[in-house]
Number of protein chains: 2
Amino acid sequence: MLRIISTEWDALTQEPTFKKTHFVEEMGLMFESVGLPRMAGRIFGWLLISDPAQQSSADLAAVLQASKGSISSMTRLLIQLGLIERTSVPGDRRDYFQVKPHAWSHMTEQRLAQIAAFRQLAEKGLDLLKDDPPFLQRRLREMRDIHAFWERELPQLNQRWEQEQAKAMHPEHS
Amino acid sequence: MLRIISTEWDALTQEPTFKKTHFVEEMGLMFESVGLPRMAGRIFGWLLISDPAQQSSADLAAVLQASKGSISSMTRLLIQLGLIERTSVPGDRRDYFQVKPHAWSHMTEQRLAQIAAFRQLAEKGLDLLKDDPPFLQRRLREMRDIHAFWERELPQLNQRWEQEQAKAMHPEHS
DNA sequence: CAGAAAGTTCAGTAAGCATTGAACTTTCTG
DNA sequence: CAGAAAGTTCAATGCTTACTGAACTTTCTG
């Protein structure tokens, strides 16, 4: 049996190359640094470089050496975060997962919700200090104002990104 | 002994009011939701509403019911994050902590570093797929492009904020 | 409808990390 | 310089939470 051993031909074997494993692990660490489970990062990382782009639970479990249960709960989390989606194929009992197009805009919305929460908390704090001298309120005013600023500007920026994307898709309209 | 019991007069007793405790706890949860230790959030929360704005380690330990060790390591973390700073008073052995002015701009820089890391990781991934058909590369191109976009735009937005702030401080120059 | 394959749930385990408390170091004071 | 107060470090602990594996449910096939 001839077996081609190369970092380039792993599409044939569907075994992750050393470099690809490394990429997957890096994404795992990245997710951890943002406070998300490492395994969620691994799954997302693999779905970014896998061939084909759609991978079943069994595929993921095999490649990432993880249990079915872990794959199940982490894919659920990733779907909830809006980073991946589930696709099904007629005549195939299995579900497939793939990274969701425009996943990152969705991430921006999540971020925005966080910013809004911080602004609201700052306002609660200001209410507690409403009878205190202004210089004691400064800390909280700064917190409130900058978050209100981001809350105002980020959606606009996101919109601009989406417009630019649309333009890049139809360059003949420019 | 006459003891004034009121939610408004706690500046005299330096005991946190129920509402203030609640604020502190909320900030703790907020920090957790961003992947930071809850105690760091509590400290930061208290420093946002304390009177005076400067608080010693002993103050923090007493108000937050935490150990000296915990205060020590969490203040170190907050300083490293750029959220608080240490101030010393001549003729006073103690160190005081206070929220750092413009702390949030510093947070933006941290965020920017994260975005840059994501863009770089996307580029690593693209390199792994450089011999694959373009449609397999799309996932990573999108990730790379949007992060490059934020990397370009966020600093500008931050600059605009700082300018607006400077203007608000010297309205006579407008 | 029986059997099998796919997927989910959940109790138990393991690992990581915040937190404590005690020992240690540093810094100031009389 | 001795003593005390402030602050840091670090080993041990407890808690949270990711992860596993087995039992269970669902969905498809012959």
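In what follows, chains carry the letters A, B, and so on, assigned in the order in which the sequence lines appear, proteins first and then strands, with residues in each chain numbered from 1. Both backbone and side-chain heavy atoms feed into the values below; hydrogens, waters and symmetry mates do not. This is a predicted model, so every value here is computed, not measured.
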Does dA6(C) have a Watson-Crick or wobble mate here (both distances under 3.5 Å), and if so which one? dT25(D)

Can you tell me the base-pairing partner of dA11(D)? Count Watson-Crick or G-U wobble geometry only, both distances below 3.5 Å, and say none if there is no partner. dT20(C)

In whole Å, I'd like the distance from the [atom1] atom of [X] to the [atom2] atom of [N].
X	N	atom1	atom2	value
R76(A)	dT17(D)	CZ	P	16 Å
M74(A)	dC19(D)	CE	C1'	8 Å
F31(B)	dT19(C)	CZ	C1'	17 Å
K68(A)	dC10(C)	NZ	C1'	14 Å
Q55(B)	dA6(D)	CD	P	15 Å
I71(B)	dT9(D)	CD1	P	15 Å
I43(A)	dC19(D)	CD1	C1'	11 Å
D59(A)	dA5(C)	CG	P	16 Å

Nearest to the side chain of [X], heavy atoms from C-beta on, is which of [options]?
X	options	result
R86(A)	dT19(C), dT8(D), dT8(C)	dT8(C)
S67(B)	dG21(D), dA6(D), dG21(C)	dG21(C)
M39(B)	dT19(C), dC19(D), dA6(C)	dT19(C)
R38(B)	dT9(D), dT8(C), dT19(C)	dT19(C)

Between E123(B) and R119(B), is there a salt bridge with N-O shorter than 4.0 Å? yes

May I ask you to evaluate whether S70(B) reaches the phosphate of dT20(C), defined as a side-chain N or O under 4.0 Å from OP1 or OP2? yes

Taking the side chain from H22(A) and the backbone from F18(A), do they hold a donor-acceptor pair closer than 3.5 Å? no

Under 4.0 Å, heavy atoms only, any strand: does S72(A) hit a base, just the sugar-phosphate, or nothing? base

Give one of base, sugar-phosphate or nothing for Q65(B), where a contact means two heavy atoms less than 4.0 Å apart. sugar-phosphate

H102(B), NE2: over 12 other non-hydrogen atoms inside 6.0 angstrom: no

Minimum heavy-atom distance A53(A)-L136(B), with the two atoms named: N-CD2, 4.1 Å

For the student: nearest non-hydrogen atoms of Q55(B) and D59(B), plus distance: OE1-CB, 3.5 Å

Which sits closer to the 5' end of DNA chain C, A66(B) or Y96(A), going by the nucleotide each is nearest to? Y96(A)

